[in-house]
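One structure is given here, and the rest of the page talks about it.
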There are 2 protein chains.
Amino acid sequence: MRQLPHPATEDIQLTEVLRALADPVRLELVRKLGDGIELACSTAGDDLDVHKSTLSHHYRTLRESGVTHTRIDGRQRLLSLRRDDLDARFPGLLDSIITAADRVGV
Amino acid sequence: MRQLPHPATEDIQLTEVLRALADPVRLELVRKLGDGIELACSTAGDDLDVHKSTLSHHYRTLRESGVTHTRIDGRQRLLSLRRDDLDARFPGLLDSIITAADRVGV
DNA sequence: ATTACTATTTGATAGTTGTCAAACAATAAA
DNA sequence: TTTATTGTTTGACAACTATCAAATAGTAAT
């Protein structure tokens, strides 16, 4: 597979985004994905005590909800936040959620 | 029962709030609860095509997550947003979510 | 080619969720 | 004291979710 399916910006659903971020593991992953930064799956989940197949499931959920973008590079998958797309569709949402997460540490 | 249990402000969990708002029915209920407004359960859910027991379940989820406050008045339960508490704990969060919901109409 | 690496997929499982229907509880009105 | 009103609770059920383990797939290195 050369490229993974991503929802178009205008197809990103609010409830899907909230559902994706309502999980502690996924919220932590998003926190680690600082703006403009790409992380390999192995890096993103390295300090989380979760099985790799479980992480793969979370990556998929994040991607399909429109929260993250996944780029294939060799045998790695590079994750990044879809910051611009999310800001365009839901202004301020991602920021307030990440700020809140940093604040309470989850 | 004279009063219903509500989580203290400092016990409101981010993932719980996000999970509560990640449901279309509950998000719509929150949208209808404008700031400082109290709505009876009957009023809040009158135009939603959902069984009353299902609504009752959603009211409970919203209350237990810390999103809403429920006051008992006679045979009615009056719902209101815990705007101040949520703003204190997660600044800007509720606003961005409600704005986003209004924007896309969910 | 063989081996190592990175990640996904499939299968299984236990727990959670949204929903309806029916029964119940509490209060107000008659 | 009946009757009506307003919600909750319980039970049942189908769908979904997070998780691990094992198998699989694709790529890079040897």
Side-chain angles (χ1 to χ4, degrees), chain A residues 1-6 13-30 32-33 38-80 106, chain B residues 1-6 13-30 32-33 38-80 106:
Chain A
M1 199 177 298
R2 200 81 239 126
Q3 209 158 342
L4 294 169
H6 294 81
Q13 299 302 312
L14 177 58
T15 50
E16 291 299 298
V17 170
L18 295 177
R19 198 181 59 78
L21 298 177
D23 178 90
V25 173
R26 289 192 292 262
L27 191 53
E28 179 60 30
L29 288 172
V30 166
K32 291 180 72 175
L33 290 174
E38 276 189 326
L39 287 184
C41 289
S42 53
T43 308
D46 58 359
D47 59 346
L48 278 70
D49 194 22
V50 177
H51 197 278
K52 62 172 182 170
S53 60
T54 303
L55 282 175
S56 191
H57 154 69
H58 286 309
Y59 296 140
R60 181 181 190 159
T61 301
L62 286 170
R63 174 172 50 80
E64 290 181 344
S65 70
V67 173
T68 59
H69 184 267
T70 305
R71 185 169 68 84
I72 300 181
D73 177 42
R75 51 188 160 182
Q76 296 192 125
R77 311 290 172 106
L78 297 173
L79 291 186
S80 58
V106 173
Chain B
M1 199 177 297
R2 201 78 241 127
Q3 209 159 342
L4 294 170
H6 294 81
Q13 300 300 313
L14 177 58
T15 50
E16 291 299 298
V17 170
L18 295 177
R19 197 181 59 77
L21 298 177
D23 177 88
V25 173
R26 288 192 293 263
L27 191 52
E28 179 61 29
L29 288 172
V30 166
K32 291 179 72 173
L33 289 173
E38 277 189 325
L39 287 185
C41 289
S42 53
T43 309
D46 59 359
D47 59 347
L48 279 71
D49 194 22
V50 177
H51 196 277
K52 63 172 182 171
S53 60
T54 303
L55 283 174
S56 191
H57 155 69
H58 286 310
Y59 296 140
R60 182 180 190 159
T61 301
L62 286 171
R63 175 172 49 81
E64 290 181 344
S65 70
V67 173
T68 59
H69 184 268
T70 305
R71 185 169 68 84
I72 300 181
D73 178 41
R75 53 187 160 182
Q76 295 193 124
R77 311 290 172 107
L78 297 173
L79 291 186
S80 57
V106 173

Report task. Just jot down the salt bridge (Lys or Arg N to Asp or Glu O under 4.0 Å) partners of B/Asp47, sequence neighbours excluded, or say none. Result ->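 Listed in chain order: B/Lys32.
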
Round to a whole Å and report the spacing from [atom1] of [X] to [atom2] of [N].
| X | N | atom1 | atom2 | answer |
| --- | --- | --- | --- | --- |
| A/Glu28 | D/dA18 | CD | P | 16 Å |
| B/Asp73 | C/dA26 | CG | P | 17 Å |
| A/Arg71 | D/dT27 | CZ | C1' | 15 Å |
| A/Glu64 | D/dA18 | CD | P | 12 Å |
| A/Leu27 | D/dA18 | CG | C1' | 16 Å |
| A/Leu62 | D/dT17 | CG | P | 13 Å |
| A/Ile72 | C/dT8 | CD1 | C1' | 11 Å |
| A/Leu48 | D/dA18 | CG | P | 14 Å |

Query raised in the report: How sharply is the helix from C/dA1-D/dT30 to C/dA30-D/dT1 bent, taking the axes over five pairs at either end and rounding to 10 degrees?
Result: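 Here the helix ends are tilted 10° relative to one another.
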
Working to the nearest 0.5 Å, report the span between [atom1] of [X] and [atom2] of [Y].
| X | Y | atom1 | atom2 | answer |
| --- | --- | --- | --- | --- |
| A/Gln3 | A/Thr70 | CD | OG1 | 11.0 Å |
| B/His6 | B/Thr68 | NE2 | OG1 | 6.5 Å |
| B/Leu29 | B/Leu39 | CG | CG | 9.5 Å |
| B/Thr43 | B/Gln76 | OG1 | CD | 6.5 Å |

Query - Given C/dA7, D/dT8, C/dC20, the nucleotide with the shortest approach to the side chain of B/His51 - result: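 Within the option list, the nearest is C/dC20.
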
**Report entry** Phosphate contact (D/dT9 OP1 or OP2) by B/Arg60 side-chain N/O below 4.0 Å
**Finding:**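 Answer is yes, contact under 4.0 Å.
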
Query raised in the report: Any side-chain N or O of A/Ser53 under 4.0 Å from OP1/OP2 of D/dT19?
Result: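 No.
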
**Report entry** A/Ser65 to A/Val67 - nearest heavy-atom pair and separation
**Finding:**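 Of all heavy-atom pairs spanning A/Ser65 and A/Val67, the closest is OG-CG2, 3.2 Å.
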
Report task. Grab the two heavy atoms, one from A/Tyr59 and one from A/Ala44, that are nearest each other, plus how far apart they are. Result ->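 Closest pair (atom of A/Tyr59, atom of A/Ala44, distance): OH-CB, 3.9 Å.
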
Nucleotides 1-5 of chain C: which of its N/O atoms have a protein N/O under 3.5 Å away?
from  : atom 1 : to      : atom 2 : distance (Å)
C/dC5 : O4'    : A/Arg75 : NH1    : 3.3

Show me, pair by pair, the donor-acceptor contacts under 3.5 angstrom made by side chains of residues 18-26 of chain A, not counting sequence neighbours?
from    : atom 1 : to      : atom 2 : distance (Å)
A/Asp23 : OD2    : A/Val25 : N      : 2.9
A/Asp23 : OD2    : A/Arg26 : N      : 3.1
A/Arg26 : NE     : A/Ala20 : O      : 2.7
A/Arg26 : NH1    : A/His58 : ND1    : 3.0
A/Arg26 : NH2    : A/Arg19 : O      : 3.4

Polar atom pairs between nucleotides 15-18 of chain C and protein, under 3.5 Å, N or O only, would you list them?
from   : atom 1 : to      : atom 2 : distance (Å)
C/dT17 : OP1    : B/Arg19 : NH1    : 2.9
C/dG18 : OP1    : B/Arg26 : NH1    : 3.4
C/dG18 : OP1    : B/Arg26 : NH2    : 2.8
C/dG18 : OP2    : B/Arg26 : NH1    : 3.3
C/dG18 : OP2    : B/His57 : NE2    : 3.1

Query raised in the report: In chain order, what residues pass the side-chain hydrogen bond (donor to acceptor under 3.5 Å, both in side chains) check against A/Glu64, with sequence neighbours excluded?
Result: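 Listed in chain order: A/Arg60.
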
Requested in this report: Taking the side chain as every heavy atom from C-beta outward, state whether A/Leu79 and A/Arg63 have any pair of such atoms under 4.5 Å apart.
Outcome: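 A/Leu79 does not reach A/Arg63 side chain to side chain.
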
Query raised in the report: Side chains of A/Val106 and B/Leu14: closer than 4.5 Å at any heavy-atom pair?
Result: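 The answer is no, as the side chains (C-beta and beyond) never meet within the 4.5 Å cut-off.
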
Query raised in the report: So which one's nearest nucleotide on DNA chain D is more toward 5', B/Lys52 or A/Val50?
Result: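 Looking at the nearest nucleotide for each, B/Lys52 comes out on the 5' side.
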
Requested in this report: Apply side-chain contact (heavy atoms from CB on, under 4.5 Å) to B/Glu38 and B/Asp73, showing your working.
Outcome: CA-CA 11 Å; B/Glu38 277 189 325; B/Asp73 178 41; over 6 Å; no

